Amino acid sequence: MTTQPDHVDATFYAIITPSWSRHRRDDRGRPLLEGASVDRITKGRPSTVRGDAVVTRLTLRIDSTALLPLQPQAVVHIHADDVQVIEVTADEPTEGDQP
C-alpha cells in the first residue's frame, strides 16, 4: 500500500528590490536603505534582474495534510451511563380534554 508523504517542497526564486531614501543619507553620504519589496517571483532562476535587485532561492516545506482534501471523521462513544430512557404513555382522552 502506498501512503502520502509527510511533506512536499515548493521551490521558487524571489527578486527583491531595495527602497532607498531620496533625502536622507548615511555618514558616508549614501542614501539610506528604507526597506525592500519582492518585485516578482519565478519558478526558475531569472536570467536578468534590475541592477540593484537581489535574487534569493526559497523553498517552502509544506505538511502534506495541508494540501490533501479534508476528510472529516469522528468516533462517538456512547456509554450506558450516558443514555437515558424516557417512557411515554398516553391515556385515553376524557370528555373535558381538547383534541
Side-chain angles (χ1 to χ4, degrees):
M1 175 189 247
T2 304
T3 60
Q4 296 289 345
D6 292 335
H7 64 272
V8 292
D9 291 345
T11 300
F12 57 94
Y13 292 84
I15 295 91
I16 302 168
T17 306
S19 174
W20 302 101
S21 173
R22 292 183 183 190
H23 307 290
R24 298 176 61 204
R25 304 272 179 201
D26 67 7
D27 297 338
R28 298 170 114 186
R30 300 175 298 190
L32 283 179
L33 181 63
E34 292 183 328
S37 61
V38 177
D39 207 25
R40 60 188 173 127
I41 296 173
T42 61
K43 288 182 180 181
R45 184 173 185 81
S47 56
T48 60
V49 293
R50 208 171 86 187
D52 57 349
V54 176
V55 177
T56 303
R57 180 179 178 208
L58 299 167
T59 299
L60 299 178
R61 179 157 287 167
I62 304 166
D63 185 42
S64 62
T65 57
L67 299 173
L68 295 173
L70 181 62
Q71 298 176 358
Q73 61 181 357
V75 176
V76 179
H77 294 277
I78 299 175
H79 300 282
D81 296 339
D82 297 331
V83 177
Q84 279 187 345
V85 177
I86 300 173
E87 187 175 323
V88 178
T89 59
D91 294 330
E92 291 291 323
T94 60
E95 252 181 64
D97 291 340
Q98 296 288 328

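These figures come from a predicted structure and were not determined experimentally. Atoms considered below: every heavy atom in the structure, side chains included; atoms not considered: hydrogens, waters and symmetry mates.
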Report summary line: In short, side chain to side chain donor-acceptor pair (under 3.5 Å) pairs touching residues 2-18 with sequence neighbours left out are H7-R61, D9-R61, T11-T59

Query raised in the report: At their closest point, which heavy atom of R40 faces which heavy atom of T48, and how far apart are they?
Result: NH2-O, 3.1 Å

Report task. Only counting residues at least two apart or in another chain, list the ones meeting side-chain hydrogen bond (donor to acceptor under 3.5 Å, both in side chains) with D63. Result -> T65

Requested in this report: If a pair satisfies salt bridge (Lys or Arg N to Asp or Glu O under 4.0 Å) and one of its residues is in residues 68-77, list it, with sequence neighbours excluded.
Outcome: none

Report summary line: Residue set satisfying salt bridge (charged side-chain N to carboxylate O under 4.0 Å, His left out) with D52, at least two apart, ordered chain then number -> R50

Query raised in the report: Who are the side-chain hydrogen bond (donor to acceptor under 3.5 Å, both in side chains) partners of R30, not counting sequence neighbours?
Result: D26

**Report entry** Sub-4.5 Å side-chain heavy-atom contact between W20 and L33
**Finding:** yes

Report summary line: Quick note, salt bridge (Lys or Arg N to Asp or Glu O under 4.0 Å) partners involving residues 10-19, not counting sequence neighbours, are none

Query - Where P5 and S64 come nearest, the two heavy atoms and their spacing - result: O-OG, 2.5 Å

Query raised in the report: Under a 4.5 Å side-chain heavy-atom rule over Ile, Leu, Val, Met, Phe, Trp and Tyr, are I62 and L68 clustered together?
Result: no

Report task. Return the set of residues passing side-chain contact (heavy atoms from CB on, under 4.5 Å) with A14 (not counting sequence neighbours), or none when no residue passes. Result -> I16, V38, L58

Requested in this report: Supply the atom-to-atom distance E34 CD to S21 OG, rounded to the nearest 0.5 angstrom.
Outcome: 4.5 Å

Query raised in the report: Which pairs, with at least one residue in residues 13-24 and sequence neighbours excluded, count as a salt bridge (Lys or Arg N to Asp or Glu O under 4.0 Å)?
Result: none

